[in-house]
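Input: a single structure, listed below in structure tokens.
Not measured: the values here are computed from a predicted model.
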Amino acid sequence: MNTLTLKFPYNLHPNSLNYSTNISPKFPNKSSSFHPLFFNSKRNISPLASMAVTSAEEVLPPSLDSTSEPPPLFDGTTRLYTSYICPYAQRVWIARNYKGLQDKIELVPIDLGNRPAWYKEKVYPENKVPSLEHNNKVTGESLDLIKYIDSHFEGPSLYPDDPNKRQFAEELLSYTYTFNRAVIFSLKGDSQNEINAAFDYLETALSKFNDGPFFLGQFSLVDIAFAPFIERFHPLLLDVKKCDITSGRPKLVSWIEEMNKIEAYKQTKRDPQELVDALKKRFMAN
């Protein structure tokens, strides 16, 4: 596999991210002028997506800031500490939703721009999201957590039994680091070669299995790993580079369309303009 030797900006770990924007729950605005693939107004769910455990759309709690009291920590409740704007945290949120664990894993959103001191002092010394409080301990790192939730909780499996698919899954999960950095580092440059190479890699990967439109054919944790970033990079690259990542990539178009039918993912999506503004502020500020 080709890799890029790049230093990630702002001292960011590739598996979790410290956004500094005060975010409240905000769902996509259907009047947005962005690409039509960003939204899917159809309420019918494909047979693949219907495998997920569905429930009524939950009411999202407000983000906790420096003035907020902590929840009753280590009382036996399983909690996902998250941020509504963070793509790494969104991965774990999607996995939780897909497995139907809304009543078993409580969302605790953190305002990363004004985070409460108790989060670092009493919950997670890394002071990042996502983190999961379960069985009286707290663990972090998004790719580790989606695997943990899949293996430790009930609900539809997100990891295939097929050994060939499992091997390919690990290759793709490892590639997420290169993929994210390639796009981010290309934002200020004139060339789109690295961007095109990154999305061509995904197009090729989506062609490997023919038993469904997802990376492993059927929906899996690989789709969860990439979805939050494609959700952000699609409108961002249109805005900054006038680059449509779906042009000439029919497999990616189909993948986005199918992802937009999955309720577990749709419940976590943000307004594209909000995402673009946040990313431009973080990565393109002079």
Work out which heavy atom in [X] is nearest to a heavy atom in [Y]; give both atom names and the distance.
X: Lys261; Y: Lys266; answer: C-CD, 4.1 Å
X: Pro109; Y: Pro61; answer: CG-O, 3.4 Å
X: Leu173; Y: Leu221; answer: CD1-CD1, 3.6 Å
X: Leu206; Y: Pro213; answer: CD2-O, 3.7 Å
X: Ala182; Y: Glu194; answer: O-OE1, 3.9 Å
X: Pro71; Y: Tyr81; answer: CG-OH, 3.9 Å

Do any N or O atoms from the side chain of [X] and from the backbone of [Y] form a donor-acceptor pair under 3.5 angstrom?
X: Lys241; Y: Ser186; answer: yes
X: Arg232; Y: Pro228; answer: yes
X: Trp118; Y: Ser68; answer: yes
X: Asp150; Y: Leu158; answer: yes
X: Arg181; Y: Tyr177; answer: yes
X: Thr204; Y: Asp200; answer: yes
X: Thr268; Y: Tyr265; answer: yes
X: Glu258; Y: Phe219; answer: no

Pairing of Arg79 and Glu133 as salt bridge, 4.0 angstrom limit:
yes
Look up atom [atom1] in [X] and atom [atom2] in [Y], then write down how far apart they are to the nearest 0.5 Å.
X: Glu274; Y: Leu279; atom1: CD; atom2: CG; answer: 10.0 Å
X: Met284; Y: Ile184; atom1: CE; atom2: CD1; answer: 11.5 Å
X: Asp144; Y: Ile149; atom1: CG; atom2: CD1; answer: 11.5 Å
X: Leu172; Y: Lys165; atom1: CG; atom2: NZ; answer: 12.5 Å
X: Asp162; Y: Gln218; atom1: CG; atom2: CD; answer: 11.5 Å
X: Ser142; Y: Lys147; atom1: OG; atom2: NZ; answer: 11.0 Å

Is the CG atom of Asn210 crowded by more than 12 outside heavy atoms at less than 6.0 Å?
no
Going by heavy atoms in the side chains, are Cys243 and Ile195 under 4.5 Å from each other?
yes
Quick check: do Gln90 and Glu231 have side-chain heavy atoms less than 4.5 Å from each other?
yes
In terms of relative ring orientation, are Trp93 and Tyr84 parallel, tilted or perpendicular, with 30° and 60° separating the classes?
tilted
Using 30° and 60° as the class boundaries, would you call the ring planes of Phe153 and His134 parallel, tilted or perpendicular?
tilted
Answer with yes or no after comparing the ring centroid distance for Phe185 and Phe283 against a 6.0 Å cut-off, counting only values under it.
no
Ring centres under 6.0 angstrom apart (Phe199, Phe179)
yes
Show your reasoning for whether side-chain contact (heavy atoms from CB on, under 4.5 Å) applies to Val183 and Leu236.
CA-CA 10 Å; Val183 174; Leu236 178 67; 5.5 Å; no
Does the side chain of Tyr159 come under 3.5 Å of the side chain of Ser151 through a donor N or O and an acceptor N or O?
no
Among Lys104, Lys99, Arg96, which residue satisfies the salt bridge (charged side-chain N to carboxylate O under 4.0 Å, His left out) criterion with Glu154?
Lys104
Would Glu58 and Leu107 satisfy side-chain contact (heavy atoms from CB on, under 4.5 Å), going step by step from the backbone distance to the final call?
CA-CA 10 Å; Glu58 66 182 319; Leu107 285 182; 3.9 Å; yes
